[in-house]
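Basis for what follows: all heavy atoms, side chains included, without hydrogens, waters or symmetry-related copies. Every chain is numbered from 1, with letters handed out A, B, ... down the list of sequences.
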Number of protein chains: 2
Amino acid sequence: MPRALSVLEKIVSSILSVMGLEEIAARASGQFRTTQSMVANGLRDAILSGVLAGGQPLRQEEIAESFGVSRSPVREALRQLEGEGMVAFIPHRGAVVSEISHYEVEEITEIRIALETMAMHKAIPLLEDDDLERAEEVLHRIDREEDLITYWSELNWRFHATLFAPAERPRLLALIKSQHDAFERYIRMHLALSDYEKPQSEHYELLDLCRKKDTDAILKLLTQHIENTSELLVTYIKDGKETGANGLAKNTS
Amino acid sequence: MPRALSVLEKIVSSILSVMGLEEIAARASGQFRTTQSMVANGLRDAILSGVLAGGQPLRQEEIAESFGVSRSPVREALRQLEGEGMVAFIPHRGAVVSEISHYEVEEITEIRIALETMAMHKAIPLLEDDDLERAEEVLHRIDREEDLITYWSELNWRFHATLFAPAERPRLLALIKSQHDAFERYIRMHLALSDYEKPQSEHYELLDLCRKKDTDAILKLLTQHIENTSELLVTYIKDGKETGANGLAKNTS
DNA sequence: GTATTGTATATTGGATGCAAAGTCAAGAAG
DNA sequence: CTTCTTGACTTTGCATCCAATATACAATAC
């Protein structure tokens with residue numbers, strides 16, 4: 001029992017310490033105007049960061065205590081995440097962090113390729129020097145970043161989102177992000193540092209092709225980029241299944 | 001006040017009367033094992049059927065009374081629908097049925113074309129006579145159906161889903177359905193009986209091409225089919241905005 | 001020894017109560 | 001006449017309480 005508490009407390013405090021000002025700003029500027037939204041964001045973060053592993057049961061009382069609130073906002077937060085597909089409810093048994101199989105990884109890969117190539121295709125003719133500069137800036141930040149395990153997800157997304165942005169398709173972007181997220185939490189858990197090198201070099205390649213506005217080559221490389229990630233993930237998931245869900249396994253007693 | 005109540009009561013009773021045995025079976029077999037899921041399904045139905053129009057505020061107390069429950073399960077149901085994107089919460093002001101603009105219709109159209117042509121493409125080589133027969137059966141039901149305003153949505157979806165099914169992509173299918181749903185509730189509200197004729201004849205055409213396994217022609221027709229729906233919808237939404245369903249005037253910039 | 005039934009305990013699901021935020025209209029100030 | 005303030009009222013958001021359900025384990029029957 002105290003174990004689970006400490007895990008969540010770590011998340012909460014990590015949000016508060018790592019994000020620091022961002023957190024406080026968000027709170028002030030109306031991002032966290034309700035307890036529910038704070039809990040929802042905290043849990044989402046915890047799931048995406050891999051602290052709460054797939055299949056892990058989410059005890060309402062524990063979560064409530066961790067956040068220092070009652071169960072009502074916790075239940076609402078869980079329901080919202082259910083709607084987002086991040087947790088699954090089993091009636092009278094509670095919520096668990098939803099898992100994806102390697103079949104689903106392959107399915108998501110197809111979806112991502114379809115959606116991302118579309119977004120990219122729409123964005124290419126509208127890409128300005130300004131956008132490309134900002135994208136490159138993100139890549140430099142990745143190069144400089146010491147703690148990639150924590151920040152890869154966010155920076156990687158920011159790079160791709162920057163390239164998609166000129167397309168001005170908010171709904172499409174949201175869809176892509178949700179598919180992205182389904183991947184990233186496994187990425188963060190499993191990948192070693194060396195695994196970041198190849199995608200990062202592909203990022204530079206992609207940026208270069210974007211400068212040349214070579215549509216065909218861009219879409220081809222983007223497709224390849226997604227497929228590479230997918231392959232890595234499938235390997236890790238299959239391995240994990242074989243060896244028996246390591247890491248934060250903390251099931252019965 | 002009594003107006004909104006009667007509207008919702010109509011929905012609830014229509015679920016109970018129309019579904020009859022199905023409803024009871026569902027309840028017994030675990031579909032509605034909690035009040036929350038009943039309310040969520042009821043509200044989703046009400047929104048998709050257009051009974052609860054876009055922008056309409058959703059008073060928790062009213063809904064709770066309509067369903068004969070307290071506000072707790074109602075709030076949870078609303079949160080779940082928020083996660084699904086069907087309602088939007090404004091802190092301390094409550095939930096409203098989310099709306100889509102004609103910009104969003106155009107965006108969803110692109111997304112639908114990308115996802116549905118992909119699903120169809122994967123399904124074509126796997127289509128069996130059996131599938132085609134079931135699809136045709138649905139079309140006959142549409143021909144026979146008196147109350148298309150109520151049942152078009154469901155039957156139309158069933159037809160397309162039948163053709164997508166052999167692809168065996170549950171996540172993709174779910175994504176397509178959610179984009180579909182974003183359209184259908186406007187369709188149901190706005191379209192006249194005559195508007196169903198063209199899509200239905202396209203359905204027969206599509207089925208015919210599926211029999212011939214003419215991939216290129218199928219994908220082309222499917223794209224056209226989606227675009228036609230989209231155009232109708234854009235017209236109706238623009239008309240609605242112009243003619244004075246002003247209500248909550250929003251982003252026109 | 002295995003299967004089944006009954007009971008204790010933990011956990012979820014739902015109802016109720018109360019404080020806080022928001023809304024609206026009437027009246028005062030400019 | 002318009003704008004701002006004030007206070008009653010509405011509605012939301014959260015905490016607490018109680019009931020319903022599931023799980024684990026022990027006791028009993030076969």
Residue pair A/Arg44 / A/Glu84, side-chain heavy-atom distance below 4.5 Å: yes

Which atom of A/Asn156 lies closest to which atom of A/His180, heavy atoms considered: ND2-CE1, 3.7 Å

Length of the CD-C1' vector between A/Glu62 and C/dA10, whole Å: 12 Å

Minimum side-chain heavy-atom gap A/Arg169-A/Met118 below 4.5 Å: no

Residue pair A/Glu116 / A/Ile226, side-chain heavy-atom distance below 4.5 Å: yes

B/Asp181 vs B/Lys177, salt bridge (charged side-chain N to carboxylate O under 4.0 Å, His left out): CA-CA, chis, key distance, verdict: CA-CA 6 Å; B/Asp181 283 351; B/Lys177 178 153 175 56; 3.2 Å; yes

N or O in side chain of A/Thr35 less than 4.0 angstrom from D/dG13 OP1/OP2: no

Contact nearer the 5' end of DNA chain D, comparing B/Ala95 with A/Ser70: B/Ala95

Those residues that, when tested against B/Glu107, pass salt bridge (Lys or Arg N to Asp or Glu O under 4.0 Å) (two or more places apart): none

Side chains of B/Val87 and B/Arg79 in contact at under 4.5 Å (non-hydrogen atoms): no

Atom-pair distance (CD on B/Gln36; P on D/dA19), nearest Å: 22 Å

Gap between atoms CD1 and C1', on A/Ile90 and D/dT21 respectively (whole Å): 14 Å

A/Tyr186 side chain vs A/Val105 backbone, donor-acceptor pair below 3.5 Å: no

Residues in contact with DNA chain D, drawn from residues 71-79 of chain A - heavy-atom cutoff 4.0 Å: A/Ser72, A/Pro73

N/O (side chain, B/Gln60) to phosphate O (OP1/OP2, D/dT10) under 4.0 Å: no

Nucleotide C/dG17, atom P - distance to CD of B/Glu61 in whole Å: 12 Å

Heavy-atom donor-acceptor pair, B/Ser49 side chain to B/Asp45 backbone, under 3.5 Å: yes

Rounded distance (Å) that lies between atom P of C/dG13 and atom CE of B/Met38: 15 Å

Using nucleotides 20-22 of chain C, report all nitrogen or oxygen pairs with the protein that are shorter than 3.5 Å.
from   : atom 1 : to      : atom 2 : distance (Å)
C/dG22 : OP1    : A/Arg33 : NH2    : 2.3

Distance below 4.0 Å between B/Thr34 side-chain N/O and C/dG13 OP1 or OP2: no

Rounded distance in Å - CD (A/Gln80) to C1' (D/dG13): 14 Å

Between D/dC14 (P) and A/Ile63 (CD1): distance, integer Å: 16 Å

